[in-house]
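Data first, discussion second: the structure below is written as C-alpha cells.
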Amino acid sequence: TCEQPGRWPVELGLGANESIDFEEVWDTFKIGLATPVDFGTRFRMIHGDLPTRSKRGEPGGCRLGCGCPQEKHIHLLKCSKLTPLWDKLFGILEGLRGARYSSREQAALLGWTVTGGKVEKAATALLSMLLKMIVIEWYLVIRAVRRFEPDKVWQIFWKRAQRQWKETARDKEYELRNIAQRGSNTKSTWIGICRQLAPLGTISR
C-alpha cells in the first residue's frame, strides 16, 4: 500500500507528476553502518504502521505541544519541537557533503529525494538512528508521563552513532587486511566500503 500512487504528495512535498522510486528506497536498508533495529522505525513509517495518538481518531494534537491539531507519524519529521534535533544532524551531514538536501523530510524518511536520488548510505543510517531515538522518547511522553528532552535524545543518539562508526571502521579494516593477506586486490572493496561510509569519511587501506 505504501507504493500506491498519490499516497505521499502532501506529506512529502511531491508534485503532481512526481513519484517515489521505491526500488531505490528499499535499497537504502542494505547498509552496514547501522543495524536492522536502527532501521526498523523508518521501515514501519514508510509502511504507515507507526501508531500515533490520533491514528485511529483519538482526540489530541501533538503531544509535544507544538500546536499541530493532528499527530500523524509524518509529523515527527516536521514538528517544530523536533526541528532543533533534525537541524543539528542535517547541519553536520550537509556540511560534510558540501550541499543541502533538496527535501529533508524525503531524505530522513525515504533515504531518497526526488531531485537527488538516493541519500548517502552512512547519512541514511544516522538519520534512521536519530528517528528511532526520537520515537522512543516521544512514546514515553504519554506512556511514562515525562517531559521530552531534546538534549537527552541527542546525547543517546550521538553516543550510539560514535560507537557504530568505530565498530564499523574496525570491522572493515579487518576485512581489507584479510583480503590483502590472501593476495587479492583490495581497491574495489575499499571503494565500496567508502561509498557505504560517505559522507562521514573513509577508512585506511
- prompt: So, the side chain of Glu175 versus the backbone of Lys172: is there a donor-acceptor pair under 3.5 Å, distance only?
  reply: no

- request: Hey, could you give me the NZ/CE distance between Lys152 and Met133, rounded to the nearest 0.5 Å?
  value: 11.5 Å

message: Quick one, Leu130 with Phe90, criterion side chain to side chain contact (heavy atoms under 4.5 Å, CB included). Give me CA distance, side-chain angles, the key distance, then yes/no.
response: CA-CA 11 Å; Leu130 179 57; Phe90 273 111; over 6 Å; no

message: Side chains of Thr35 and Asp38 only: does a donor on one sit below 3.5 Å from an acceptor on the other?
response: yes

query: Hey, is CD on Gln162 packed in by over 12 heavy atoms from elsewhere, all under 6.0 Å?
result: yes

field: Heavy-atom pair with the smallest gap, counting every atom of Glu24 and Gly117
entry: OE1-CA, 4.0 Å

task: Would you confirm whether Ser184, through its side chain, and Ala180, through its main-chain N or O, come within 3.5 Å as a donor-acceptor pair?
output: no

Nearest-0.5 Å distance that lies between atom NZ in Lys72 and atom CG in Leu77: 12.0 Å

message: Counting C-beta onward and ignoring hydrogens, is there a side-chain heavy-atom pair between Met129 and Gln164 closer than 4.5 Å?
response: yes

Side chain to side chain, Leu200 and Leu33, heavy atoms closer than 4.5 Å: yes

message: Any side-chain to backbone donor/acceptor pair from Lys88 onto Thr83? Under 3.5 Å, distance only.
response: no

message: Cation-pi check for Trp86 against Arg104: NZ or CZ below 6.0 Å from the six-membered ring centre and within 45 degrees of the axis, yes or no?
response: no

task: May I ask you to say whether Arg146 pairs ionically with Glu137, meaning some side-chain N is under 4.0 Å from a carboxylate O?
output: yes

- prompt: So, do Cys79 and Cys66 sit near enough that their side-chain heavy atoms are less than 4.5 Å apart?
  reply: yes

Which atom of Ser102 lies closest to which atom of Gly116, heavy atoms considered: OG-N, 4.4 Å

statement: To the nearest 0.5 Å, atom OG of Ser19 lies from atom CD of Gln4 at 14.0 Å

- line: In this structure, CG of Leu89 is separated from CG of Leu131 (nearest 0.5 Å) by 11.0 Å

field: Within-4.5 Å side-chain heavy-atom neighbours: Tyr101 and Leu93
entry: yes

- request: Assign the ring pair His73 / Trp8 to parallel, tilted or perpendicular, where the plane angle (0 to 90°) is split at 30° and 60°.
  value: perpendicular

task: Answer yes when Glu173 and Arg170 have at least one side-chain N-carboxylate O distance shorter than 4.0 Å, and no when they do not.
output: no

message: So which atom in Gly6 and which in Pro9 form the shortest heavy-atom distance, rounded to 0.1 Å?
response: O-CD, 3.0 Å

message: Test of understanding: clusters of I, L, V, M, F, W, Y form through side-chain heavy atoms closer than 4.5 Å, transitively. Do Phe22 and Leu109 belong to the same one?
response: yes

task: To the nearest 0.5 angstrom, please state how far the OG1 atom of Thr202 sits from the CD atom of Gln196.
output: 14.0 Å

Full working for side chain to side chain contact (heavy atoms under 4.5 Å, CB included) between Glu149 and Asp151: CA-CA 6 Å; Glu149 301 180 60; Asp151 289 343; 5.8 Å; no

query: Donor-acceptor pair, Glu105 side chain versus Leu12 backbone, under 3.5 Å?
result: no

query: Given side chains that start at C-beta, do those of Lys132 and Val135 come closer than 4.5 Å, heavy atoms only?
result: no

task: State, with a plain yes or no, whether a side-chain heavy atom of Leu85 is found less than 4.5 Å away from one of Phe157.
output: no

query: Where do Thr41 and Met45 land on the side chain to side chain contact (heavy atoms under 4.5 Å, CB included) test, with the steps shown first?
result: CA-CA 6 Å; Thr41 296; Met45 281 181 68; 4.2 Å; yes

task: With Thr28 as reference, evaluate Arg42, Lys121, Lys118 under the side chain to side chain donor-acceptor pair (under 3.5 Å) test and give the passing residue.
output: Arg42

- prompt: Rounded to the nearest 0.5 Å, how far apart are CD1 of Ile20 and CH2 of Trp112?
  reply: 6.0 Å

- prompt: Given Leu14 and Gln106, is the side chain to side chain contact (heavy atoms under 4.5 Å, CB included) satisfied, shown in steps?
  reply: CA-CA 9 Å; Leu14 297 177; Gln106 291 174 11; 3.4 Å; yes

statement: Minimal heavy-atom distance between Ala107 and Thr113, with the atoms involved, is N-CG2, 3.9 Å

- request: Would you confirm whether Glu120, through its side chain, and Leu197, through its main-chain N or O, come within 3.5 Å as a donor-acceptor pair?
  value: no

message: Are the side chains of Val141 and Arg147 in contact, using a 4.5 Å heavy-atom criterion?
response: no

- request: Just say parallel, tilted or perpendicular for the rings of Trp158 and Trp154, cut-offs at 30° and 60°.
  value: parallel

- prompt: Is there side-chain contact between Phe148 and Lys81, with at least one heavy-atom pair below 4.5 Å?
  reply: no

